[in-house]
Visitor: 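What follows is a single structure, and I will ask about it in a moment.
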Amino acid sequence: MTSDLSSKAHLPLEAALARHAEAFRERFGPGSPSLYFSPGRVNLMGAHLDYNQGPVMPTAIDRGTFLALRRRSDRRVRFASTFDPRTLELELDELPGQRLRFWADYPLGVLRELLLARGGSQDLCGVEILFGGNLPVGAGLSSSASICVGTALALDRAYELRLERLDLVRSALAAERGFVGVQCGIMDPYAVGFARAGHLLWLDCKDRSFEHLPFDFESLRLAVVDSGVRRELAEGAFNRRVEECRAAFELLRVAQPEALCLRDVQLATLEERRRSMDPTLARRAEHVIREVGRTFEARERLLAGEPDQLGALMSRTHASLRELFEVSCPELDLIVEVATGSEGALGARLTGAGFGGCAVVLLRRGAEEQLERRLHAAFRARFGRAPRVQHFGGDPGPRALEGA
Ligand code: GLA
């Protein structure tokens with residue numbers, strides 16, 4: 001699935017969804033579908049901490065997934081996408097037990113979860129959904145959580161299930177872990193599902209408690225720079241990091257028995273054990289342990305009104321992702337290097353899992369143009385092409401919208 005950003009990225013949401021309803025009619029015939037929007041997210045701090053039960057600081061962004069849904073009179077389910085000519089068609093009673101290995105696995109996984117929670121599909125009608133949107137796919141902006149939470153919301157409304165927001169988030173998570181097979185942490189569906197405009201989410205992944213931290217989207221901007229490098233998470237690189245962290249924890253917990261997860265392990269414990277550990281596992285653990293400290297500090301800096309310090313911490317996170325966690329790539333490193341040297345840019349790091357995708361830059365309003373100029377020149381000189389730079393605002397979270 002490739003993304004088509006050029007024509008839709010700057011359309012106001014209502015207009016973009018009206019156009020999406022038109023695309024739905026072209027695909028599925030006349031009528032007025034229900035319309036939904038579900039945002040993507042960027043993570044400012046807490047890189048690779050969620051599955052180590054640490055704290056994370058993401059925010060939803062004003063780009064995401066569009067969904068147009070219509071109930072059917074029979075029991076057929078049809079999922080289509082504006083990014084892919086293929087349509088998935090099946091009967092409600094014959095949902096596959098295994099993933100099909102294309103994008104429709106995400107909504108299919110959610111549908112399965114909701115039916116499971118409901119105790120079956122009896123008395124339900126079929127649905128047809130057209131997916132689309134203005135979020136780059138596979139770019140580290142959590143298109144997968146966006147599509148999963150959006151599907152959960154749309155199906156909840158279509159079937160009048162009246163689920164709590166937390167149930168929608170849980171079904172999105174279960175679909176991605178259980179059906180698609182990515183061992184992702186809880187950050188992404190929480191960041192999407194519990195978004196609040198003008199705020200970052202502070203989520204402690206150990207007890208799943210969260211709160212909203214005010215973020216000044218007026219004077220600060222988030223630029224997201226796409227490296228153009230893509231790697232599917234399900235390919236295994238992400239799951240390998242999860243495994244490495246688990247293995248590091250197994251070794252370290254022996255020296256610190258009260259620790260329940262890698263997030264609890266102290267730097268002193270790692271130093272004591274480092275020589276007897278595989279150096280790769282020691283590097284992964286060091287990233288996690290130091291990132292926990294940086295993320296708590298970032299929270300304090302943000303609350304104290306010191307965005308420069310928050311930016312500096314983001315840049316240190318990137319260095320750690322490059323050196324210790326080894327999930328960066330030359331394109332992302334160049335973006336971060338150039339961005340951090342640009343006036344008014346406060347800090348930068350890769351966002352999402354890494355292995356390509358996007359870098360996020362925290363900058364003061366007014367510094368956008370210089371940043372773009374410098375990035376284009378440097379990137380072109382080194383890689384022969386310009387990276388895509390977009391400026392995102394926050395978002396109030398998944399919702400139904402008018403527009404058909
Ligand atoms: C991916 C996963 C998240 C999180 C990040 C890294 O986006 O889906 O759960 O682990 O990587 O912080």
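Counting starts at 1 for both ligands and their atoms, in listed order.
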Visitor: Show me which atoms of ligand 1 lie under 4.0 Å from any heavy atom of G185.
Guide: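 Taking each heavy atom of G185 in turn, ligand 1 has 9 (O) under 4.0 Å.
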Visitor: Minimum distance, heavy atoms only, to atom 9 (O) of ligand 1: which one of L350, N52, D50 is it?
Guide: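 It is D50 that holds the nearest heavy atom.
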Visitor: Please identify which atoms of ligand 1 are closer than 4.0 Å to at least one heavy atom of F238.
Guide: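 Atoms satisfying the 4.0 Å criterion: 1 (C), 2 (C), 10 (O), 11 (O).
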Visitor: Could you note down all residue pairs passing side-chain hydrogen bond (donor to acceptor under 3.5 Å, both in side chains) where residues 110-122 supplies at least one of them, sequence neighbours left out?
Guide: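 Matches after skipping sequence neighbours: R75-S121.
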Visitor: Which atoms of ligand 1 have any heavy atom of Y51 under 4.0 Å away?
Guide: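 Answer for ligand 1: 10 (O).
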Visitor: With sequence neighbours left out, what residues match E258 under side chain to side chain donor-acceptor pair (under 3.5 Å)?
Guide: Q256
Visitor: Apply ring pair (Phe, Tyr, Trp, His ring centres under 6.0 Å) to residues F83 and W103 and explain how you reach the verdict.
Guide: CA-CA 10 Å; F83 300 137; W103 65 266; 8.9 Å; no
Visitor: Please step through salt bridge (charged side-chain N to carboxylate O under 4.0 Å, His left out) for the pair E291 and R294, ending with a clear verdict.
Guide: CA-CA 5 Å; E291 180 72 356; R294 273 192 296 268; 2.9 Å; yes
Visitor: Measure from atom 12 (O) of ligand 1 to every heavy atom in H48, E291, M45 and give the option owning the shortest one.
Guide: H48
Visitor: For ligand 1, is there an atom lying under 4.0 Å from some heavy atom of G352?
Guide: yes
Visitor: Parallel, tilted or perpendicular for F210 and H212, by the 30°/60° rule?
Guide: perpendicular
Visitor: Do R241 and E244 meet the salt-bridge criterion of a basic N to acidic O distance under 4.0 Å?
Guide: yes
Visitor: Classify the ring geometry of Y51 against F238: parallel below 30°, tilted from 30° to 60°, perpendicular beyond 60°.
Guide: perpendicular
Visitor: Could you list which atoms of ligand 1 come closer than 4.0 Å to a heavy atom of A353?
Guide: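 Atoms satisfying the 4.0 Å criterion: 1 (C), 7 (O), 11 (O).
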Visitor: Could you tell me whether ligand 1 has any atom less than 4.0 Å away from a heavy atom of R41?
Guide: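 True for this residue.
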Visitor: For atom 5 (C) of ligand 1, state which one of Q183, M187, R241 supplies the nearest heavy atom.
Guide: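 Among Q183, M187, R241, the closest heavy atom to atom 5 (C) of ligand 1 belongs to M187.
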